[in-house]
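Scroll down for the structure; my scribbles are underneath it.
Throughout, protein chains are lettered first and strands after them, A, B, ... in sequence-line order, and every chain is numbered starting at 1. Because only heavy atoms are used, hydrogens play no part in the values below, and waters and symmetry mates are left out as well, while side chains stay in. Predicted model, so just to flag it, every value in this text is computed and none were measured.
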Amino acid sequence: MSDVRVRFAPSPTGHLHIGGARTAIYNWAFARHGGGTFILRVDDTDPERSTPENTAAILRAMRWLGLDWDEGPEVGGDRGPYFQAQRAASYAQALETLKASDAAYPCFCSAERLEAARERARAEGGYAGYPRTCRSLDPAEARRRADAGEPHTWRLKVPEGRGDIVFDDAVRGELTFSAASLDDFVLVRSDGTPTYNFASVVDDAGMGITHVIRGDDHLSNTPRQILVFEALGSPIPVFAHLSMILGADGKRLSKRHGATSVEQFRDEGILAEALVNYLALLGWSLDDRTTIFTRDELVANFTLERVGRNPAVFDPEKLEWLDGVYIREMPAADLVDRMVPWLEAAGLLASGEAEQRRPWLEELAPLVSERMKRLEELVPMVRFLFESRVSVEEAARAKVLEKEGAGRSLDAAAGALAAVSSWEASAIEESLRRVPEALGLKPKAVFQAVRVAVSGTTVSLPLFESLALIGKERTLERLGAARPMAAE
RNA sequence: GGCCCGUUCGUCUAGCGGUUAGGACACCGCCCUCUCAAGGCGGAGAUCACGGGUUCGAAUCCCGUACGGGCUACCA
């Protein structure tokens, strides 16, 4: 057990997003790799936009992905609470610390006035941050006004003469920010709640976080946060900033680009292990050639050194390919477990029916596994195996059944199949293989006629295996039903 | 405006001074074949954003420029 402590701190203002999921995966993998502790903290400081439903959805998505946390909601831990909304006492205490060391001061400037000034300065070409109006207030006077109930925020007093803020980002290397470019930002709002930059640092310090692995969008906040760590007298964690995930148009990934929430991918039939594998690859590589790896392999090999610096475009096609790989490589029994919910939801399987049809389903699994990229594709592919009758697609009828020889093919196939005693794919194939030659037709012509009769379409699962699964009686019924549609 | 970050095939990436710039997805062709897939083999695709340096030698180091992106909130 190492003393590495990392956290993933989502804000429950929405569902778990692809970008957040990747951050979570990296944090999780980093912790597990080094035998450290992975903490989940809910940054719900924004009461307007945070909801319990979102929190629940995020936890669900984390569990679905297989990202288990050692401390956090539902599991507890001795550095909690793990919801920022419940940590007001910590923030108040931290503020007292800063006040005591004169590292923070009250600001009575109104938000409206500040915004107006900001607009003006920017229009004129140069805004250098809060002008520190209240920094020079007489302390006694400031205290008197604050005690009198005058609305005020608390700002960090950026130390006079503080030199450059330099830190070594684990993925970007040494970064330098001039302290002069930082203004005295707000730590505590006039309603008494902490801002993100304050709450986050207080929590990271309080929870003993050693490495902060997070999105690139926080990079510019880092020097501010370092100042807070310093003012608090807390050790500064190692920072690692991950680049954004972009859409195909190079813009930051958003709903416009299609599915972006983890649970949406789940609902579309993407496997958790494939999603984790894919997301891990968006900004990290195991080596120069490995693209497929298990969670354990990810953990065993994950290091911050191999995290890339440049933004990555999310490619749904590659995700699908990877998902297909996972589906194909999954043992039949496992795949059946994944298939059943989809079959039940589609009404193809009654609840409880799955167990008794288990052997049949396990025969089906290898047939579909090499043809689907997502579980979602299962139902349309197998529907004809379940339903009692099929309707023949118009195009299939025109293209296949109305061809000369189709009728004879169906008759001959029916005759041959009727004589099959042991109804299994190999025997079915053997008998059907003899039909084309007897009729002087090409195998393809005969098989396609049978396929259309039995599945209603020109494209289906492999014929002989399908017939085996449909059963002899239903097969013969379908051949007969299609017969009137067929040309001689 | 200011301050930061980024830029290798269409996409994800390997590369950390000397390589025919490697792999994967997608794409194209061939093979296999009862359709569709899967699979096998092969192909095309990157003047390493651009311009200057440093060096015997640069995708790799330095400086500019361009183009993206982030922060600059009493959002996170």
Side-chain angles (χ1 to χ4, degrees), chain A residues 9-11 13 43-46 48-50 84 107 109-111 114-115 118 121-130 151-155 169 172 175-178 180-183 185-197 199-200 215-224 241 243-244 246 248 250-252 278 281-292 305-306 308-315 317-322 324 328 367-373 381 400 429 432-433 436 442-448 450-452 455 457-464:
Chain A
S11 169
T13 53
D43 280 10
D44 54 354
T45 48
D46 184 347
E48 299 291 306
R49 298 189 297 147
S50 300
Q84 287 192 328
C107 170
C109 302
S110 80
L114 288 172
E115 183 160 357
R118 193 183 308 131
R122 245 175 237 173
E124 287 163 13
Y127 174 68
Y130 173 67
H152 61 284
T153 61
W154 285 91
R155 290 182 179 270
D169 189 281
R172 290 171 198 265
L175 262 23
T176 304
F177 291 77
S178 153
S181 68
L182 266 28
D183 65 358
F185 59 97
V186 172
L187 301 169
V188 176
R189 302 184 188 103
S190 49
D191 67 359
T193 60
T195 59
Y196 167 77
N197 279 322
S200 178
D216 194 320
D217 46 340
H218 293 296
L219 187 52
S220 300
N221 282 323
T222 306
R224 289 173 234 284
H241 288 95
S243 284
M244 304 271 87
L246 312 174
K251 298 267 166 55
R252 195 174 169 155
Y278 178 74
L281 245 17
L282 238 40
W284 175 83
S285 58
L286 193 153
D287 57 25
D288 61 337
R289 52 189 62 253
T290 308
T291 59
I292 296 166
E305 287 73 57
R306 290 199 69 84
R309 285 155 290 279
N310 43 328
V313 174
F314 180 78
D315 180 6
E317 272 191 290
K318 190 161 182 175
L319 203 214
E320 279 211 329
W321 164 77
L322 237 185
R328 260 172 266 138
L367 262 39
V368 293
S369 74
E370 60 186 33
R371 268 160 265 265
M372 7 175 225
K373 295 199 289 277
M381 204 177 280
V400 177
E429 173 165 9
L432 238 29
R433 287 267 178 213
K442 291 192 166 163
K444 184 169 166 175
V446 175
F447 298 151
Q448 279 299 80
V450 175
R451 182 190 312 284
V452 170
S455 73
T457 66
T458 55
V459 175
S460 78
L461 298 179
L463 189 58
F464 314 122

Nearest whole angstrom, please: distance from the [atom2] of [N] to the [atom1] of [X].
X	N	atom1	atom2	result
A:Leu246	B:U7	CG	C1'	12 Å
A:Asp216	B:A76	CG	C1'	15 Å
A:Leu114	B:A73	CG	C1'	10 Å
A:Leu322	B:U11	CG	C1'	14 Å
A:Gln448	B:U33	CD	P	16 Å
A:Leu367	B:U35	CG	P	15 Å
A:Trp321	B:C27	CH2	C1'	15 Å

Between [M] and [N] - [atom1] atom distance, rounded Å:
N	M	atom1	value
B:A46	B:G52	P	22 Å
B:C27	B:C67	C1'	27 Å
B:G18	B:C3	C1'	38 Å
B:C63	B:G23	P	33 Å
B:C25	B:G43	P	15 Å

Only pairs with both distances under 3.5 Å count, Watson-Crick or wobble alike; so what is the partner of [N] in this structure?
N	answer
B:C36	none
B:A44	none
B:G68	B:C5
B:A59	none
B:U11	B:A24

Closest to the [X] side chain: [options]?
X	options	answer
A:Arg306	B:A38, B:C12, B:A14	B:A14
A:Tyr196	B:C74, B:U35, B:A76	B:A76
A:Val459	B:C4, B:C36, B:G69	B:C36
A:Asn221	B:G70, B:U72, B:U11	B:U72
A:Leu175	B:G22, B:C5, B:A76	B:C5
A:Arg328	B:G39, B:C25, B:C74	B:G39
A:Arg371	B:C71, B:U35, B:A76	B:U35
A:Ser220	B:C4, B:C12, B:U35	B:C4
A:Ala312	B:U35, B:C5, B:C12	B:C12
A:Asp183	B:A73, B:C25, B:A14	B:A73

Using a heavy-atom cut-off of under 4.0 Å over every strand shown, decide if [X] touches base, sugar-phosphate, or nothing.
X	result
A:Gly283	sugar-phosphate
A:His241	nothing
A:Ser460	base
A:Arg309	sugar-phosphate
A:Ser190	base
A:Leu463	base
A:Ser200	nothing
A:Asn310	sugar-phosphate
A:Pro462	base

Ignoring hydrogens and geometry, is there a side-chain-to-backbone donor-acceptor pair from [X] to [Y] under 3.5 Å?
X	Y	value
A:Arg451	A:Leu461	yes
A:Asp44	A:Gln84	yes
A:Tyr278	A:Glu320	no
A:Ser181	A:Ser178	yes
A:Arg306	A:Ser285	yes
A:Thr222	A:Leu219	yes

Is there a donor and acceptor pair, one atom on the side chain of A:Thr195 and one on the base of B:C74, closer than 3.5 Å?
no
Polar side-chain contact A:Lys318-B:A24 base: donor and acceptor under 3.5 Å
yes
Polar side chain donor-acceptor pair, A:Asn197 to A:Thr195, under 3.5 angstrom
no
Hey, could you give me the NE2/OH distance between A:His218 and A:Tyr196, rounded to the nearest 0.5 Å?
3.5 Å
Candidates A:His241, A:Arg172, A:Arg309 - the one meeting side-chain hydrogen bond (donor to acceptor under 3.5 Å, both in side chains) with A:Asp216:
A:Arg172
Please determine if a side-chain N or O atom of A:Arg118 lies less than 4.0 Å away from the OP1 or OP2 oxygen of B:U72.
no
Does the side chain of A:Arg155 get closer than 4.0 angstrom to OP1 or OP2 of B:C74 through an N or O atom?
yes
Closest-nucleotide mapping onto RNA chain B: is A:Asp217 or A:Phe464 further toward the 5' terminus? I mean the 5' end.
A:Phe464
Start at the 5' end of RNA chain B and walk down; is the nucleotide closest to A:Arg289 or to A:Pro443 reached first?
A:Arg289
